[in-house]
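See below for the structure under consideration.
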2 protein chains.
Amino acid sequence: VTEPNVLQKSIESFMIPMEKVAHVQPDNALEHALLVLVKSGYTSIPVLDTSSKLQGLISKSEILDATLGIERIDPEQLADKKVKDVMTTNIASMNIKQPLERALSLSIQNPFICVEDDEHSFLGIITRSKLLAFISGYLHE
Amino acid sequence: VTEPNVLQKSIESFMIPMEKVAHVQPDNALEHALLVLVKSGYTSIPVLDTSSKLQGLISKSEILDATLGIERIDPEQLADKKVKDVMTTNIASMNIKQPLERALSLSIQNPFICVEDDEHSFLGIITRSKLLAFISGYLHE
Ligand SMILES: Nc1ncnc2c1ncn2[C@@H]1O[C@@H]2COP(=O)(O)O[C@H]3[C@@H](O)[C@H](n4cnc5c(N)ncnc54)O[C@@H]3COP(=O)(O)O[C@H]2[C@H]1O
Ligand SMILES: Nc1ncnc2c1ncn2[C@@H]1O[C@@H]2COP(=O)(O)O[C@H]3[C@@H](O)[C@H](n4cnc5c(N)ncnc54)O[C@@H]3COP(=O)(O)O[C@H]2[C@H]1O
């Protein structure tokens, strides 16, 4: 039997705060987004507007799909297209007040979950690695 | 208190079998690996030799890093370089007989874990999504 309250635990201690989250803006050129992704080493990062509202997610896969010609990456497409033309708006997000149970169920299908406040301002992300580290410790008790 | 035996559970029921795992070979051109990655939609896939032994992992990030010029993807590099020149040999792997506890601790740092038999033949992979789906169900009991 599990402690009933582990699933009700607050997610605040798991969250990577916004200032540590690599992100781009909707009007950035794809080339800029690709350089941020390559430099950070991340597969996918959030797209935030100038008032810190979540607009989408952009990944190396999406940029590759949008710019891959028959066999070559087309450099003109990288310069001409914008992040907002390619980003996905299918975003896993939750409110900072929702419990661990919600983060866990969203993490099954999503490598990371965006966290927002009541006004839908972006606060940070919760990653699978942080959840798995907590669970591994919890199951050893 | 956790059921003591959940961590000792067998990993067989979590494993995606080899025939369902997208993979490439060490001597494939990078261009072929990029096309397999783009078509499958996966970020990173195993590299297996002709006798099903694990040789490495290859990802879109590594291919981008190896072929990205100052601002452009260099098409000649895609055709000239081989998978074995770029793949990582830092692979998270475990034996099919090891328990869930081992998969859980490896999954903290690795999006998927390669599973091998006693002769080190590749059998399949265990993904974070499968582990998280199991854990979410288990914690609800
Ligand atoms: N610089 C680094 N240092 C240490 N480990 C690293 C790393 N980059 C990647 N990893 C490892 O690889 C996993 C997959 O990273 P990926 O970039 O595909 O997928 C990442 C990335 O898309 C996003 N992410 C993580 N941290 C981020 C950050 N600070 N800013 C923006 N996005 C982030 O969340 C996804 C899941 O992250 P998670 O930590 O669960 O899982 C990470 C982590 O275990
Ligand atoms: N075609 C698809 N259908 C449904 N969901 C999809 C999907 N492609 C990706 N996802 C979702 O995105 C997560 C990250 O995928 P990614 O390709 O970065 O990272 C993947 C990929 O690198 C590798 N992988 C998963 N299945 C694979 C397979 N059949 N063959 C080769 N590699 C695989 O294991 C990593 C972790 O997979 P995981 O399932 O935990 O986590 C997956 C899954 O939740």
Side-chain angles (χ1 to χ4, degrees), chain A residues 1-4 6-9 29 31-32 34-35 37-44 59-79 100-112 127-141, chain B residues 1-4 6-9 29 31-32 34-35 37-44 59-79 100-112 127-141:
Chain A
V1 181
T2 319
E3 254 174 73
V6 72
L7 289 172
Q8 299 314 314
K9 195 177 156 65
E31 209 164 64
H32 170 73
L34 184 61
L35 284 176
L37 284 162
V38 170
K39 285 217 177 78
S40 70
Y42 296 124
T43 299
S44 166
S59 69
K60 287 171 186 163
S61 298
E62 276 152 356
I63 296 176
L64 278 174
D65 289 350
T67 56
L68 201 65
I70 308 298
E71 278 194 330
R72 307 271 178 260
I73 299 266
D74 181 355
E76 278 75 58
Q77 305 237 30
L78 277 177
L100 175 62
E101 178 175 14
R102 179 81 184 122
L104 207 52
S105 80
L106 283 173
S107 74
I108 294 169
Q109 298 289 341
N110 300 285
F112 68 93
T127 58
R128 281 176 170 171
S129 60
K130 288 235 191 264
L131 291 173
L132 286 159
F134 170 75
I135 289 159
S136 180
Y138 175 76
L139 291 180
H140 277 94
E141 278 162 29
Chain B
V1 180
T2 317
E3 257 171 73
V6 73
L7 289 172
Q8 300 314 312
K9 197 177 154 64
E31 209 164 67
H32 170 73
L34 185 59
L35 284 176
L37 283 162
V38 171
K39 283 215 180 80
S40 70
Y42 296 123
T43 299
S44 166
S59 69
K60 287 172 184 164
S61 297
E62 274 152 0
I63 296 175
L64 279 174
D65 289 350
T67 56
L68 201 65
I70 309 297
E71 277 193 328
R72 307 269 179 261
I73 300 267
D74 181 354
E76 277 75 58
Q77 305 236 29
L78 277 176
L100 174 62
E101 179 175 17
R102 179 81 184 125
L104 206 53
S105 81
L106 283 173
S107 74
I108 294 169
Q109 299 287 344
N110 301 285
F112 67 92
T127 59
R128 281 177 170 170
S129 60
K130 288 233 190 265
L131 291 173
L132 286 159
F134 169 76
I135 290 158
S136 182
Y138 174 76
L139 291 181
H140 277 95
E141 277 163 30

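Here is the naming used below: chain letters follow the sequence lines, and residue numbers restart at 1 for every chain.
- Interface remark: Q109(B) contributes no atoms to any contact with chain A (heavy atom separation under 4.5 Å).
- Most heavy-atom pairs under 4.5 Å with chain B, from the set P111(A), S136(A), G137(A), S44(A): that is S136(A).
- Residue S61(B) touches chain A through both its backbone and its side chain, counting heavy-atom pairs closer than 4.5 Å.
- Contact count versus chain B (heavy atoms, under 4.5 Å) is highest, among K60(A), E101(A), R128(A), for R128(A).
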| query | Would L37(A) and L64(B) count as a side chain to side chain contact (heavy atoms under 4.5 Å, CB included) if you check the C-alpha gap in whole Å, the side-chain angles of each, and the deciding distance to 0.1 Å? | reply | CA-CA 10 Å; L37(A) 284 162; L64(B) 279 174; over 6 Å; no

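- The only option from N110(B), I108(B), L106(B) that meets the side-chain contact (heavy atoms from CB on, under 4.5 Å) definition with L132(A) turns out to be I108(B).
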